Asks: 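Just passing along the structure, written as structure tokens.
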Amino acid sequence: MKEELTKAVAGACKELFDVDVQIELTRPDEQFGDYATNVALQLGKKLGKNPREIGESLAEKLRQQLADSVSQVSVAGPGFLNIKLTDSALAEQGLAASVSRPQIYKDKVVVAEYSDPSAFKVLHAGHLYTSVVGDAIANLIEAAGGTVHRVNFGGDVGLHVGKTMWAIVRELAGEHPEKLGGIPADSRADWMSARYVEGTNAYEDDESNQAAIAHINKRVYQVVADDDHDSPLGQLYWTCRQWSYDYFDAFYARIGSHFEKYYPESITGPVGVKVVREQLAKGVYEESDGAIVFKGEPYGLHTRVFINSQGLPTYEAKDVGLSMMKWEEYHFDRSIIITDNAQAQYMEVVIKSIEQFAPELARGTTHLTHGRVKLAGGMKMSSRKGNIVRAVDVLEAAYAASKKAGFDNQPAALGAVKYAFIRSRLGSDIVYDPEESVSLEGNSGPYIQYAHARARSILAKTSLQGSTLKQGSTLEVGERSLLRKIGEYPEVFEKATTELMPHHICTYLYELAQAFNRFYEKNRVIDDPREAVRLGLVQAYADTLKDGLGLLGIHAPDKM
RNA sequence: GCCCGUGUAGCUCAGUGGAUUAGAGCGUCUGCCUUCGGAGCAGAAAGUCGUAGGUUCGAAUCCUACCACGGGCACCA
């Protein structure tokens, strides 16, 4: 409907004034109409005419052309055009809302990389956030017709592994892989994470430790390069690495995430080194103090090291390797990388360097960044010393709060966390408050889930077969309002997908639930003379809520 | 120091060029009154949209400067 209107308005401008203009249709306050446009204002400037007069001629034209779908076109204020749909057109739009999602990624291949945990380390609240948001974005693109490959990247080699392995060897009093058997399966992740903290502290506290850790770090690279599963260090490394992956898998299963591919740095590193060395010869990268760097200054960026003076790839080269591998494996139309915004300027340098030798790859790459998770009410997150909030701590806090709030329901508690994470616009830090997130009142996940369950229970009550709401129906005021809101869904979906901003879905679902409650307060459904029509409304409403929650990765229960 | 980001009611956030009274939720206060699941509805109080300039017919939204907070700035990830 919006598309047809846009075309009609553009056509009218062409016909009457012989100009091509970009038409933007917005959703004004309901009192003004269903759609509005400011073309007349734009044209007024362009043509040097009075915008109101332009508006009047456009309105007249549209009234003639769109008599079937438009009941009113008026000029308001300085020259806004307000367009009101007929009940019939509105009904058609509303009924199709939950199934007519603009296919703006049709036939497109998209690689979505997010979550990115490091092996040997614990998953913290930030991983949970990025995973939830990344899933929602991937869901949006998929629903818009795209083929999405969800991939994960993580550090299974690098200094943090050196630190951890050093501490593991110290804890086991030598390179004794057989002693790993004494660590209970359910505490492996915590055990390794404790070693990482010890290793990090040792590295910072004493220079002699630094040499030892650098040495073991280099040996780990050798273990990986040789695919050495036999030496004591090799056995320690591969066993612990597998523990990490098992732990990640269990966590992702718990939150409903799934990645089709995992790129470990040990794989992308050598690819990156190869590429960086090739491009070193071509002058993209250059040597500096024994390291290989990319100088970003000509582009307003800064210089970063890609291969260090020991000849080992840094994160930069590993990311270059990752980009090349994704490109070769998927030939994507678009690659989306979602990380914490601390990486924003770092990533700019990496992508700028790639742009020098693979411009089409760089052009198709979007780095999307989000803020950090701050916990309301005292739970603090600080890295380094190990007093971080783990991802599971957040889930447990939500679950505990949900029990306190009176519903003992794990899926609802998970939905509450997801909703709380997604509802704010991506970019700034978010404050997570477990109590608020599970609240049954206000803008929360459980509120929307409840709204859905309530609508389904109404539908379950009727003995009528099907609804008579269809194109051609005439509507009462309250019905019209609700239907208008339902009909906005495809537009909100398109906006969220185009901008890669899933929070628009949250905002909309909440407004939709409010619109329904307003309707429901005043209008009876079951045993009302208009029951047959209103059932169609409730159905469309419930389906839209369900679809929206699905995009957010949140279950829409029929009962709560 | 340079670069990037953020700054909207007591708190948590929408709104990122349009129309009046800048919107929600929580919290505070007042009604409805327990309904087809009230986990609701209606209303009130609460904002110099960080500050000061500028562009525009029109600015929370764009530009400039400044302030505050966060982040980044070579061999960590």
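Every chain is numbered from 1 and lettered A, B, ... according to where its sequence line falls, protein lines coming before strand lines. What you see is a predicted model; the values in this text were computed from it and never measured.
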Asks: Could you please name the option among B:G71, B:G15, B:A74 that lies closest to any side-chain atom of A:A342?
Replies: B:G71
Asks: Map A:I526 and A:D289 onto RNA chain B by nearest heavy atom, then report which one ends up closer to the 5' terminus.
Replies: A:I526
Asks: Which nucleotide, B:C13, B:A77, B:A19, lies nearest any side-chain atom of A:E265?
Replies: B:A77
Asks: Which part of the nucleic acid, if any, lies within contact of A:S288, taking any heavy atom under 4.0 Å across all strands shown: a base, the sugar-phosphate backbone alone, or nothing?
Replies: base
Asks: Does the pair A:Y263 and A:F153 meet the rule for a ring-ring contact (aromatic ring centres under 6.0 Å, His included), with working shown?
Replies: CA-CA 5 Å; A:Y263 288 100; A:F153 175 48; 7.6 Å; no
Asks: Give the rounded distance in Å between these two atoms: OH of A:Y196 and P of B:A77.
Replies: 10 Å
Asks: Could you tell me how far apart A:Y419 (OH) and B:C13 (P) are, to the nearest whole angstrom?
Replies: 14 Å
Asks: What's A:N50 touching, base or sugar-phosphate or nothing? Going by heavy atoms closer than 4.0 Å.
Replies: nothing
Asks: How long is the span from the NE2 atom in A:H302 to the CZ atom in A:R304, to the nearest 0.5 Å?
Replies: 4.0 Å
Asks: Identify, between A:R372 and A:S309, the residue whose nearest nucleotide on RNA chain B lies closer to the 5' end.
Replies: A:R372
Asks: Is the shortest distance from a Lys or Arg side-chain nitrogen in A:K495 or A:E488 to a carboxylate oxygen in the other one below 4.0 Å?
Replies: no
Asks: With the threshold set at 4.0 Å, does a side-chain nitrogen-carboxylate oxygen contact exist between A:R425 and A:E499?
Replies: yes
Asks: Hey, does the side-chain of A:E436 have a donor or acceptor N/O within less than 3.5 Å of a partner on the base of B:C26?
Replies: no
Asks: When the aromatic ring centroids of A:Y508 and A:F493 are compared, is their separation below 6.0 Å?
Replies: no
Asks: Using atom P of each nucleotide, how far apart are B:U61 and B:C3 to the nearest Å?
Replies: 22 Å
Asks: Counting any heavy atom closer than 4.0 Å, what does A:V525 reach on the DNA or RNA strands: base, sugar-phosphate only, or nothing?
Replies: base
Asks: Can you tell me the distance, in whole Å, between the CZ atom of A:R524 and the P atom of B:C36?
Replies: 5 Å
Asks: Under 4.0 angstrom, heavy atoms only, what part of the nucleic acid is A:N217 near: base, sugar-phosphate, or nothing?
Replies: nothing
Asks: Quote, to the nearest angstrom, the P distance that separates B:C49 from B:A60.
Replies: 8 Å
Asks: Please work out if A:Y510 contacts a base, only the sugar-phosphate, or nothing of the nucleic acid, heavy-atom cut-off 4.0 Å.
Replies: sugar-phosphate
Asks: Would you say a side-chain N or O of A:H504 is under 4.0 Å from OP1 or OP2 of B:G15?
Replies: yes
Asks: Scan A:K485, A:K84, A:K2, A:R484 and name whichever one has a salt bridge (Lys or Arg N to Asp or Glu O under 4.0 Å) with A:D34.
Replies: A:R484
Asks: For A:A453, report the nucleic acid contact type (base, sugar-phosphate, nothing); a contact means any heavy atom under 4.0 Å.
Replies: base
Asks: Given the rule in the side chain to side chain contact (heavy atoms under 4.5 Å, CB included) test, do A:H452 and A:D558 qualify, once you have shown the distances and angles that lead to the verdict?
Replies: CA-CA 7 Å; A:H452 177 262; A:D558 287 349; 3.5 Å; yes
Asks: Taking the ring centre of each residue, are A:F248 and A:F259 less than 6.0 Å apart?
Replies: no
Asks: In whole angstrom, give the distance that lies between atom NZ of A:K295 and atom P of B:A74.
Replies: 13 Å
Asks: Under the side chain to side chain contact (heavy atoms under 4.5 Å, CB included) rule, what do A:E286 and A:V293 come out as? Steps first, then yes or no, please.
Replies: CA-CA 5 Å; A:E286 50 190 278; A:V293 307; 4.1 Å; yes
Asks: Base, sugar-phosphate, or nothing: which does A:Q310 touch, judged by heavy atoms less than 4.0 Å apart?
Replies: nothing
Asks: Which of the following nucleotides, B:C13, B:A74, B:C36, is nearest to the side chain of A:I430?
Replies: B:C13
Asks: Please give, in whole Å, the distance from B:C69 P to A:K374 NZ?
Replies: 13 Å
Asks: What is the distance from CZ of A:R425 to P of B:G15, rounded to the nearest Å?
Replies: 5 Å
Asks: Within the structure shown, what part of the strands sits under 4.0 Å from A:N38 by heavy-atom distance: base, sugar-phosphate, or nothing?
Replies: base
Asks: Would you call A:Y247 and A:L123 a side-chain contact if the rule is heavy atoms closer than 4.5 Å?
Replies: yes
Asks: Report the distance from atom CD of A:Q210 to atom C1' of B:C76, rounded to the nearest whole Å.
Replies: 12 Å
Asks: Considering just the side-chain nitrogens and oxygens of A:S457, establish if one lies under 4.0 Å of OP1 or OP2 belonging to B:G37.
Replies: yes
Asks: When the distance from CG of A:D429 to C1' of B:U6 is rounded to whole Å, what number comes out?
Replies: 8 Å
Asks: Apply side chain to side chain contact (heavy atoms under 4.5 Å, CB included) to the pair A:V417 and A:V132, showing each step before the final yes or no.
Replies: CA-CA 9 Å; A:V417 173; A:V132 166; 5.5 Å; no
Asks: Any chance you could measure A:T37, atom OG1, to A:L5, atom CG, to the nearest 0.5 Å?
Replies: 10.0 Å
Asks: If the C1' atom of B:U8 is compared with that of B:A68, how far apart are they to the nearest Å?
Replies: 16 Å
Asks: Once Watson-Crick and G-U wobble pairs under 3.5 Å are found, how is RNA chain B written in dot-bracket notation, 5' to 3', with | for any base paired to another strand?
Replies: ((((((((.[[[[.)..(....]]]].(((((.......))))).....[[[[[..)....]]]]])))))))....
Asks: Looking only at atom P, what distance separates B:G47 and B:A24, rounded to whole Å?
Replies: 16 Å
Asks: Looking only at side-chain N and O atoms, does A:R304 come under 4.0 Å of OP1 or OP2 in B:C75?
Replies: no
Asks: Would you say the base of B:G5 and the side-chain of A:N341 have a donor-acceptor pair closer than 3.5 Å?
Replies: no
Asks: Using the P atom as the point on both nucleotides, what is the distance between B:G7 and B:C13, in whole Å?
Replies: 11 Å
Asks: Is the shortest side-chain N/O distance from A:H370 to OP1 or OP2 of B:G5 below 4.0 Å?
Replies: no
Asks: Heavy atoms under 4.0 Å, any strand shown: does A:N82 hit a base, just sugar-phosphate, or nothing?
Replies: base
Asks: Please report the distance separating the P of B:U55 from the corresponding atom of B:U28, rounded so that it comes out in whole Å.
Replies: 47 Å
Asks: Taking the same atom, C1', in B:G71 and in B:G15, what whole-Å distance lies between them?
Replies: 25 Å
Asks: Encode nucleotides 38-44 of chain B as B, S and - characters from 5' to 3', where the letter depends on protein heavy atoms closer than 4.0 Å: B to the base, S only to sugar-phosphate, - to neither.
Replies: SBBSS--
Asks: Suppose you measure atom C1' in B:C73 against the same atom in B:C62; what distance do you get, rounded to whole Å?
Replies: 29 Å
Asks: Are A:R423 and A:E436 within salt-bridge range, i.e. N to O under 4.0 Å?
Replies: yes
Asks: Under 4.0 angstrom, heavy atoms only, what part of the nucleic acid is A:A344 near: base, sugar-phosphate, or nothing?
Replies: nothing
